[in-house]
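Okay, so here's the structure we're looking at.
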Amino acid sequence: MYMNMLTGRNTPSFAKDTVYRFMKMIQINWIRFTTLLSARIIKEAIVPLNSENRVNVLIIDDSLFERNRSKKVELLAKIYDHAKHKYAFGFRMLTLGWSDGCTFLPINSVLLSTENSKNRMKQ
């Protein structure tokens, strides 16, 4: 959509504010929406291009989403980064993705804080 608006080709009949309002809606089950959207993309766009001997896998990753300069973010926590072997402020970003060995498609992701209230910036 961004590239279509930038180039002026295939412009939608609605404004970008409509998309932003849609994305802010709390009534939508976003995890279900992104799961169904990803499944449809995989089934209709990626799998037909692949050979049958490719193995499909689900990948779970928990990366650190750093927010070191933030001070007033809800549930911001001090989290240990296993890659850098040090603590940083941020969230644990848990991501579920699909891959066939050549293509990676993120399906869902959630930001997790800490259960330990002592490690949270703002209580």
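Hydrogens, waters and symmetry mates play no part in the numbers below; they use all other heavy atoms, side chains included. Throughout, numbering of the chain's residues begins at 1 and tracks the sequence.
The closest side-chain heavy-atom distance from Asn108 to Val110 is not below 4.5 Å.
Judged by distance alone, the side chain of Asn68 and the main-chain N or O of Phe89 form a donor-acceptor pair under 3.5 Å. Within the 3.5 Å criterion, the main-chain N or O of Met25 finds a donor-acceptor partner in the side chain of Trp30. Arg120 places a side-chain N or O within donor-acceptor distance of the main-chain N or O of Thr114, the cut-off being under 3.5 Å.
Within 6.0 Å of OH in Tyr20 there are 12 or fewer heavy atoms belonging to other residues, nucleotides or ligands. Residue Met23 places its CE atom among 12 or fewer non-hydrogen atoms of other residues, nucleotides or ligands, all under 6.0 Å distant.
For residues 60-86, the pairs satisfying ring pair (Phe, Tyr, Trp, His ring centres under 6.0 Å) are Tyr80-His82, Tyr80-Tyr87, with sequence neighbours left out. For the side-chain hydrogen bond (donor to acceptor under 3.5 Å, both in side chains) condition, the pairs that include at least one residue of residues 39-51, sequence neighbours left out, are Arg40-Glu44, Asn50-Arg54, Asn50-Asp100, Ser51-Asn53. Among residues at least two apart or in separate chains, there is no salt bridge (Lys or Arg N to Asp or Glu O under 4.0 Å) pair with a member in residues 19-38.
Applying the side-chain contact (heavy atoms from CB on, under 4.5 Å) criterion to Ile26, with sequence neighbours excluded, gives no partner residue. With sequence neighbours excluded, the residues that form a side chain to side chain donor-acceptor pair (under 3.5 Å) with Ser63 are Asp61. For Leu49, there are no side-chain contact (heavy atoms from CB on, under 4.5 Å) partners, not counting sequence neighbours. The side chain to side chain donor-acceptor pair (under 3.5 Å) search around Asp17 returns none, not counting sequence neighbours. Remark: Thr95 engages no residue in a side chain to side chain donor-acceptor pair (under 3.5 Å) (not counting sequence neighbours). Checked against salt bridge (charged side-chain N to carboxylate O under 4.0 Å, His left out), Lys86 has no partners two or more places apart in sequence or in another chain. Taking the side chain to side chain donor-acceptor pair (under 3.5 Å) definition, one finds that Thr103 meets it with nothing, sequence neighbours left out.
In this structure, CG in Asn29 is found 8.5 Å from OG1 in Thr34, a value given to the nearest 0.5 Å. Residue Ile107 holds its CD1 atom at 10.0 Å from CD1 of Ile60, rounded to the nearest 0.5 Å. Distance check, rounded to the nearest 0.5 Å: OG of Ser109 to CG of Asp62 gives 12.5 Å. The CG atom of Asn56 sits 8.5 Å away from the OG atom of Ser99 when rounded to the nearest 0.5 Å. For the atom pair CD1 of Ile42 and CG of Leu37, the computed distance is 9.5 Å after rounding to the nearest 0.5 Å.
Hydrophobic cluster membership differs between Val47 and Leu36, with clusters built from Ile, Leu, Val, Met, Phe, Trp and Tyr side chains linked at under 4.5 angstrom.
Here Val57 sits in one hydrophobic cluster together with Val55, Ile59, Phe104; the rule is ILVMFWY side chains under 4.5 Å apart, joined directly or through other members. Side-chain contacts under 4.5 Å among hydrophobic residues (ILVMFWY), followed directly or transitively, place Ile79 together with Leu64.
For the residue pair Ser113 and Ala77, the shortest heavy atom distance occurs at OG-CB, 3.7 Å.
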